[in-house]
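Report on the following structure.
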2 protein chains.
Amino acid sequence: MARPRSFDESQVLEGAVAMFREQGYEGTSVPDLTAKLGICRQSLYKTFGDKHGLYLKVLENWGQQEVDANLELLAAPGSPLENVRTLIRGFAAMATTCPNEGCLTVTAMVETRADAEALAIVEGHVDSLEQGFRMALEKAREEGELRSDARPDRLARSLTTAVYGMGVLTRLPGSGPRIADAVSVMLETLEAATPHPGR
Amino acid sequence: MARPRSFDESQVLEGAVAMFREQGYEGTSVPDLTAKLGICRQSLYKTFGDKHGLYLKVLENWGQQEVDANLELLAAPGSPLENVRTLIRGFAAMATTCPNEGCLTVTAMVETRADAEALAIVEGHVDSLEQGFRMALEKAREEGELRSDARPDRLARSLTTAVYGMGVLTRLPGSGPRIADAVSVMLETLEAATPHPGR
DNA sequence: GCGGTTACAGAACGAACGTTCTATCATGAC
DNA sequence: GTCATGATAGAACGTTCGTTCTGTAACCGC
């Protein structure tokens, strides 16, 4: 009954994620978006309301994809402590292999300090990661992978802080060694909380 | 021989630091600057070249004030390990008491990913902090405050990463507990590297 | 095939940006 | 007091931003 749209909404969202990630919100103009996403201005406004609406949608989409994938990894069957280690190593690998595409969450935290809606979404992402760490570490303690006097909540908050530190230092070329050592110390801190630390 | 200028250059720089810190580079317009700094447009361009020149000057000024103050603190006489602890606690206090004025270095890393000049200055700041940590920790090891098998370089890089993690999470309201726990774990990690960890 | 509906393409809007230009004003040397 | 000099104040430049408007093109049900 009408002309079909010549773009795929989820593909547009994916492309927008990449652009906002690399260039930030202010740094990505509407002409930029329409040119690289294969969607015309009118359709963009019809579909997402305006640029800010698209940005919020992108942040939510990021949460449903990246963040939820991390949570699934942390809650995966097997050793919860090993899941934590795997995720941390994964973050470090991402930070060192793709230094130019920084973490969308980090960009959003810094750029949108006056954007309450965006901040709320981003805060949800950070909280989710922290809770994911905490639950995995609690499970690890219950299963005897961590000592009974370990503090999963404190460890989780510390890991979260360190992970976002890696996320922001990714922006600096030559931070590879810094990030690698940060990961080493994180893993050692976890090791020190196991029942038999040391060899 | 001519009309004297009605502004103080160092005061203008200080004010500009505050504005760039809170609002970022893009988020601070030239009319904003002239209105709040008490300097007219013409004088701003005459003195600093252009907005970008002012920004670079601000970054350098930040380095000479904040960064050098931190380095002095780390190299202060007395216990080098205690100096490290004091600096970390100071960062945490800053992050929790002044959450709205984020770290200028963090803002610059995220915002100016395509600005090579700014990035170079900022990289210098990060490297300086890391080296400051490393030298203090090496001195601590030499003086017996840390075990001989401690790794000052790794610890320094890890601390640096954690500190900038705190810097970016400052942007999120309600990160107080997260930052506090991150500091606790950092201090525990240092404690674990002392000759007699535990009580 | 035809009509109605929706997407597309591009021109055009006002506002804000960084920057430059012009004119006025305040001072020090003589 | 007069003049040269440099700072100040504000209008004005072109560009780019996000957004809206106008017309054209493409599809579906009948």
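Predicted, not measured: the structure shown is a model, and the values here were computed from it. Proteins get letters first, then strands, A, B, ... in listed order; numbering begins at 1 in each.
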Salt bridge (charged side-chain N to carboxylate O under 4.0 Å, His left out) partners of A:Asp115, counting only residues at least two apart: none

Expected rows: protein N/O vs nucleotides 18-20 of chain D N/O, under 3.5 Å:
residue, atom, partner, partner atom, Å
D:dG18, OP1, A:Lys51, NZ, 2.4
D:dG18, OP2, A:Val30, N, 2.8
D:dT19, OP1, A:Asp50, OD2, 3.3
D:dT19, OP2, A:Tyr45, OH, 2.9
D:dT19, OP2, A:Lys51, N, 3.1
D:dT19, O5', A:Tyr45, OH, 3.3

Measure NZ/B:Lys46 against P/C:dT20 and give the value in whole Å, please. 13 Å

Give a yes/no verdict on a cation-pi contact between B:Lys51 and B:Tyr25, requiring under 6.0 Å between NZ or CZ and the six-membered ring centre and an angle within 45° of the axis. yes

Could you identify which residues of residues 107-121 of chain A place a heavy atom less than 4.0 Å from some atom of DNA chain D, listed by residue number, or say none? none

Give a yes-or-no answer on whether the side chains of B:Arg178 and B:Ser175 include a donor-acceptor pair shorter than 3.5 Å. yes

Under 3.5 Å donor-acceptor, A:Ser43 side chain and A:Ile39 backbone: no

Could you give the CG-to-P distance, from B:Leu44 to C:dT19, as a whole number of Å? 9 Å

Does A:Glu60 pair with A:Lys57 as a salt bridge, N-O distance under 4.0 Å? no

Salt bridge (Lys or Arg N to Asp or Glu O under 4.0 Å) partners of residues 143-153 of chain A, not counting sequence neighbours, each pair once: A:Arg147-A:Asp149

Going by the rule side chain to side chain contact (heavy atoms under 4.5 Å, CB included), which residues pair with A:Gln11 if we only count those two or more places apart in sequence or in a different chain? A:Asp8

Using salt bridge (charged side-chain N to carboxylate O under 4.0 Å, His left out) as the criterion, list what pairs up with A:Arg171, not counting sequence neighbours. none

